[in-house]
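Read the structure below first, then the notes.
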2 protein chains.
Amino acid sequence: MKEENFGLVLLLVKKAGLFGRTIVSTSQLAELTGFSQQSISRKLRELEKEGLILRKVSNKGTEITLTKKAVSELKSFYLELDELFSEKEFSLSGKVLDGLGEGKYYTSLPNYKKQFTKILGGDFFPGTLNIEVNLNEKNVLTSAKPIIITGFKTKARSFGAIKVWKCLINKKVECIAILPERTTHKENILEVVSIFNLRKKLNIKTDSVVEVTRK
Amino acid sequence: MKEENFGLVLLLVKKAGLFGRTIVSTSQLAELTGFSQQSISRKLRELEKEGLILRKVSNKGTEITLTKKAVSELKSFYLELDELFSEKEFSLSGKVLDGLGEGKYYTSLPNYKKQFTKILGGDFFPGTLNIEVNLNEKNVLTSAKPIIITGFKTKARSFGAIKVWKCLINKKVECIAILPERTTHKENILEVVSIFNLRKKLNIKTDSVVEVTRK
DNA sequence: ATTACTACAGATCGAGTAG
DNA sequence: TCTACTCGATCTGTAGTAA
């Protein structure tokens, strides 16, 4: 099918189901897609001609059934995207930076702390390990679906949501990678929190290289 | 982004990675997409204008980086398709038909039999339960990724591949739904095989209604 | 080698309107 | 109401060619 009609076909399959049928009017579809009624009419005739839909026109609208051809074209496009976006295990490496991280402050705030504790399954080490990473790799890691730590407000100010991902560090120790909504960090830094003091547990120091694997 | 450029953007993200970069020439892309060099040139300029890619032209080609905007647009399209195609649990119901099914013959052929036994985890009842189902529902069930039973040849004839899906019948008993490559069945019949005699095990008879759930 | 401008052909769009 | 035809405006595509 023409790429420009993917959206329309997707809309139809949502209405009709993968192998079902639906009755719609061209003006309904026009409104939903932003095209004119005339263009939808033409497009439907095109799709029929290409063997992507079956069409039964009446004075109540048009009954549409998607063919196997349409479903399989949509699916093969889906599989290509799935190759990119399905959340496979993903690893990146980086160098440990000095200090405990600014995360020490906000992870200690009671409201956040409660949520971190729940996700980590127990009290956690007060302080984050900051790792210098490749920005692109960090973006890939954080493109997976996050666990959301909700924000809150005090009289003084409001604290935003934080996104976290369960990870393993050096393939052994559970931790979570965290990404504050409004970060003050340089973008190429990844902060992780664990129930362990990671420096002791893994015998790592500033400048050690560690591997973080998203689970 | 314009829908008509989804394919091009997908190609670019495949080359560059989700947050990486790549150097390509417009004529390479032209060849890969079937557009002319000139059209690709124009489309890349359009994508840049829309804020979907960063472009750095040199006499070696064009360096392209996808922006977060492009990735998020692709991803939201992916999520819509995922809603349709991700293989969730799926159930359908149908009426048990008379007889043991023609499957009794081919499941008894040594080559097939060996493969069925492996998938079912043990010797199976000789004979298939045939269930009259809604064709659309059957199509949805069989739109998930199948396990393939490979075909074989004898001197006399060749036997095609068979697709099967692990299922539960009446939410209790494991079975597999089978779909021969060249079926002689009416299309609205679903055949299942189990290590049990399903009629006895589930106390069902001809015309009983059973539920088949894809696992 | 590149990219990209120009110029024109042909596709696509939607307003008006018929059936 | 509905679909869909006509037709002029606009968009899209590419050959030729410049830079």
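Letters go in sequence order (proteins before strands), and every chain restarts at 1.
OP1 or OP2 of D:dC2 sits under 4.0 Å from a side-chain N or O of A:Ser25. Considering only side-chain N and O atoms, B:Thr62 lies under 4.0 angstrom from the phosphate OP1 or OP2 of C:dT3. The phosphate of D:dT12 has neither OP1 nor OP2 within less than 4.0 Å of any side-chain N or O from B:Lys43. Look at A:Arg55 and you won't find any side-chain N or O under 4.0 angstrom from OP1 or OP2 of D:dC2.
Side chains of B:Leu168 and B:Val173 form no contact here, defined as non-hydrogen atoms less than 4.5 Å apart. Residues A:Leu97 and A:Leu129 form no side-chain contact, since every pair of their non-hydrogen atoms from C-beta on lies 4.5 Å or further apart.
Test A:Arg55, A:Lys69, A:Arg42 against A:Glu48 for salt bridge (Lys or Arg N to Asp or Glu O under 4.0 Å) and you get one pass: A:Arg55.
Of the candidate nucleotides D:dC2, D:dT14, C:dA15, D:dT14 has the atom lying nearest to any side-chain atom of B:Arg42. Taking the side chain of B:Gln37 as heavy atoms from C-beta on, and the options D:dT14, C:dT12, C:dA4, the nearest nucleotide is C:dA4. For B:Val57, the side-chain atoms get nearest to C:dT3 when compared with the rest of C:dT17, C:dT3, D:dT3. Checked against C:dG16, D:dT3, D:dG16, the side chain of A:Gln38 finds its nearest nucleotide in C:dG16. Of the listed nucleotides (D:dT12, C:dG16, C:dC13), C:dC13 has the atom at the smallest distance from the side chain of A:Glu4. Comparing D:dT14, C:dT3, C:dC13 against the side chain of A:Ser39 picks out C:dC13 as the nearest.
The existence of a salt bridge linking A:Arg214 and A:Glu87 is excluded, since no basic side-chain nitrogen approaches an acidic carboxylate oxygen closer than 4.0 Å.
D:dC2 atom P lies 16 Å from atom CZ of A:Arg45, rounded to whole Å. A straight line from CG of A:Asn5 to C1' of D:dT12 spans 15 Å, rounded to a whole angstrom. Taking atom CG of B:Asn59 as the reference point, atom C1' of C:dT3 lies 10 Å away to the nearest angstrom. We find that CD1 of B:Ile64 is positioned 14 Å from P of C:dT2, with the value rounded to whole Å. Distance, B:Glu3 CD to D:dC11 C1': 16 Å, rounded to whole Å. The NZ-P distance, from A:Lys2 to D:dC11, rounds to 18 Å in whole Å. D:dC2 atom C1' lies 15 Å from atom CD1 of A:Ile40, rounded to whole Å. Taking atom CD on A:Glu46 and atom P on D:dA4, their separation rounds to 12 Å, with Å as the unit.
For the pair B:Ser86 (side chain) and B:Asp82 (backbone), a donor-acceptor distance under 3.5 Å is present.
Using the six-membered ring where Trp is involved, B:Phe159 and B:Phe152 have ring planes that are parallel, under 30° apart on the 30 and 60° scheme.
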Dump the intermediate steps for ring-ring contact (aromatic ring centres under 6.0 Å, His included) on A:Phe196 and A:Phe125, then the final yes or no.
-> CA-CA 6 Å; A:Phe196 300 106; A:Phe125 181 76; 10.0 Å; no

Apply the test salt bridge (charged side-chain N to carboxylate O under 4.0 Å, His left out) to residues B:Glu174 and B:Lys215: give CA-CA distance (whole Å), side-chain angles for both, the deciding distance (0.1 Å), then the verdict.
-> CA-CA 9 Å; B:Glu174 299 209 356; B:Lys215 295 204 296 180; 3.2 Å; yes

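Of the residues in residues 26-36 of chain A, those placing a heavy atom less than 4.0 Å from an atom of DNA chain D are A:Thr26, A:Ser27, in numerical order.
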